[in-house]
Amino acid sequence: MRVRPGKGSRPRTRRRPAHEDAVAAFVVAVDRGRYTCLVGDDVAEVPGAAGGRGARERREAARPVMAMRARELGRKGIVVGDRVSLVGDTSGRPDTLARIVRLEPRTSMLRRSADDTDEVERPIVANADQLVIVTALADPPPRPRMIDRMLVAAFDADIEPLLCLTKADLAAPDDLVSHYEPLGVPYIVVEKGGDLAEVRSRLNDRLSVLVGHSGVGKSTLVNALVPDAGRAVSHVNAVTGRGRHTSSSAVALELPGGGWIIDTPGVRSFGLGHVSIDNVLAAFPALSEGTVHCPKGCSHRGGECSLDAWVAEGHADARSLESLRRLLASRDGAPEDDPAPHPDGA
């Protein structure tokens, strides 16, 4: 029997989807619940962008639009690099606010945890296809274990790594480069006032995220690549060897010659609590092959692990095994060493 609506009630009607007239946008900055989004033709030109599903196709100059997250998105987090769809006032005029009604599927997500015992993933950047690990060759000294951690994060996120060695005018890169040759990690070397042609070539037509601890020259590099970026530059403390945090949030910047970089705040730790042992092993492909001979449930930390024999037979570099075991030990709560005095981590 059909029940008739009660007095004063209305028959339910299907709501028109809020995103029917949505405009595609690219999130370039996030600040306290407000999202700076780029709207216009340049959005389609961001590497990896596919355009918002249902977004209007129109020719218009790129412009920044301030937006807030719509309630219907629930708890979905939005980070720099995300592609979203906006409704409402997308004119970009002062004191206007659009709404983000849809988060487009991501091609990648770079994450870290607070520490190695925390399994909660903390999103950093979305949709990057290259992770540029910026480390100084001196002042402050390189931290190979930090580099290893970022490499693991890159492999876990399916992002190609690139090692960027700065301050080559203060120290030679040979020792550190040899440390990562067994992993096949590509690298570029930068010195103060040097030519950045190779750097630009590596970044061209890509969406790259720059990560490094404070004082390594990351902001200096960003300012050289994007002259109007205005990123604050830190100085290294002569006593602690640490840099001062100068960038408080991630920001996406368009490169004059094509491509985008996402500059991130300097980090002093890079937790891997959310990364499985298998994904840690993925960062060391030569070692991963040798684990087929390990006993079931092997921790790869020693004992009955077959990786020692695998290395002794010449299938992989002993330094890679040492690095792998440092990472696995850290995942189990062992403290991570602070700045290493030289590249071999001794």
Side-chain angles (χ1 to χ4, degrees), residues 16-111 122-130 157 159 203 205-211 222 225-226 228-231 247-256 258-265:
R16 182 182 180 185
H19 50 74
E20 219 169 66
D21 296 320
V23 175
F26 173 60
V27 180
V28 296
V30 179
D31 183 21
R32 291 171 291 186
R34 292 293 182 263
Y35 304 87
T36 304
C37 305
L38 185 68
V39 169
D41 292 338
D42 281 356
V43 173
E45 296 171 7
V46 175
R53 179 163 45 96
R56 294 196 302 268
E57 292 189 10
R58 54 183 181 179
R59 302 299 298 175
E60 56 187 350
R63 62 186 180 281
V65 173
M66 189 65 68
M68 62 179 290
R69 187 174 56 183
R71 185 177 300 174
E72 54 260 41
L73 284 180
R75 295 187 176 182
K76 287 183 180 178
I78 298 172
V79 297
V80 173
D82 267 325
R83 280 121 193 165
V84 297
S85 294
L86 306 179
V87 299
D89 193 333
T90 59
S91 66
R93 292 190 298 263
D95 301 321
T96 60
L97 194 63
R99 288 187 303 122
I100 299 175
V101 295
R102 183 170 56 238
L103 176 64
E104 302 298 337
R106 292 160 169 161
T107 58
S108 68
M109 173 60 77
L110 180 65
R111 303 174 172 91
R122 299 168 189 264
I124 302 174
V125 165
N127 297 314
D129 58 14
Q130 182 169 242
I159 302 173
L203 302 176
D205 293 331
R206 305 197 70 170
L207 180 55
S208 305
V209 52
L210 276 62
V211 179
V222 170
L225 293 169
V226 187
D228 59 350
R231 300 297 270 177
S247 302
S248 59
S249 60
V251 61
L253 302 164
E254 187 174 11
L255 295 167
W260 288 75
I261 55 174
I262 300 177
D263 186 23
T264 61

For residues Ala126 and Leu207, report the shortest heavy-atom separation together with the two atoms involved.
O-CD2, 4.2 Å

Please report the interatomic distance CE(Met66) to CZ(Arg93), rounded to the nearest 0.5 Å.
15.0 Å

Which is it for Val226 and Trp260 under the side chain to side chain contact (heavy atoms under 4.5 Å, CB included) test, yes or no, and what are the steps along the way?
CA-CA 10 Å; Val226 187; Trp260 288 75; over 6 Å; no

Should Val209 and Thr264 count as side-chain neighbours, where that means a heavy-atom distance under 4.5 Å?
yes

Indicate yes or no: at least one non-hydrogen side-chain atom of Glu254 is less than 4.5 angstrom from one of Ile261.
no

Closest approach of Ala250 and Val80, non-hydrogen atoms and distance?
O-CG2, 3.6 Å

So, taking the atom named CG in Asp31 and the one named CZ in Arg34, what distance separates them when rounded to the nearest 0.5 Å?
10.0 Å

Nearest-0.5 Å distance, CD1 of residue Ile262 to OG of residue Ser208:
8.5 Å

The side chain to side chain donor-acceptor pair (under 3.5 Å) partners of Arg106 (sequence neighbours excluded) come to Asp82

Decide side chain to side chain contact (heavy atoms under 4.5 Å, CB included) for Glu72 and Val101; before the verdict, give the C-alpha distance in whole Å, the side-chain angles of both, and the deciding distance to 0.1 Å.
CA-CA 7 Å; Glu72 54 260 41; Val101 295; 3.8 Å; yes

Does some side-chain heavy atom of Thr36 sit less than 4.5 Å from a side-chain heavy atom of Val30?
no

Exercise: identify the closest heavy-atom pair between Cys37 and Val84:
SG-CG2, 4.4 Å

For a 4.5 angstrom cut-off between non-hydrogen side-chain atoms, does Val79 reach Met109?
yes

Taking the side chain from Arg102 and the backbone from Leu73, do they hold a donor-acceptor pair closer than 3.5 Å?
no

Test your reading of the model: is there a side-chain donor-acceptor pair from Ser108 to the backbone of Ala128, 3.5 Å cut-off?
yes

Check whether any side-chain heavy atom of Arg83 sits under 4.5 Å from a side-chain heavy atom of Asn127, and report yes or no.
yes

Distance check, rounded to the nearest 0.5 Å: Arg111 atom CZ versus Arg122 atom CZ?
13.5 Å

Roughly how far, to the nearest 0.5 Å, is the CG atom of Asp21 from the OG atom of Ser85?
11.5 Å

Mind checking whether Thr107 and Asp129 have side chains closer than 4.5 Å, heavy atoms only?
no

Sequence neighbours excluded, the answer for side chain to side chain donor-acceptor pair (under 3.5 Å) partners of Arg69 is none

Can you tell me how far the CG atom of Leu110 sits from the CD1 atom of Ile159, to the nearest 0.5 Å?
5.0 Å

Candidate pair Leu86 and Arg99, rule side chain to side chain contact (heavy atoms under 4.5 Å, CB included), full reasoning
CA-CA 5 Å; Leu86 306 179; Arg99 288 187 303 122; over 6 Å; no

Passes side chain to side chain contact (heavy atoms under 4.5 Å, CB included), Tyr35 versus Leu97? Steps please.
CA-CA 10 Å; Tyr35 304 87; Leu97 194 63; over 6 Å; no

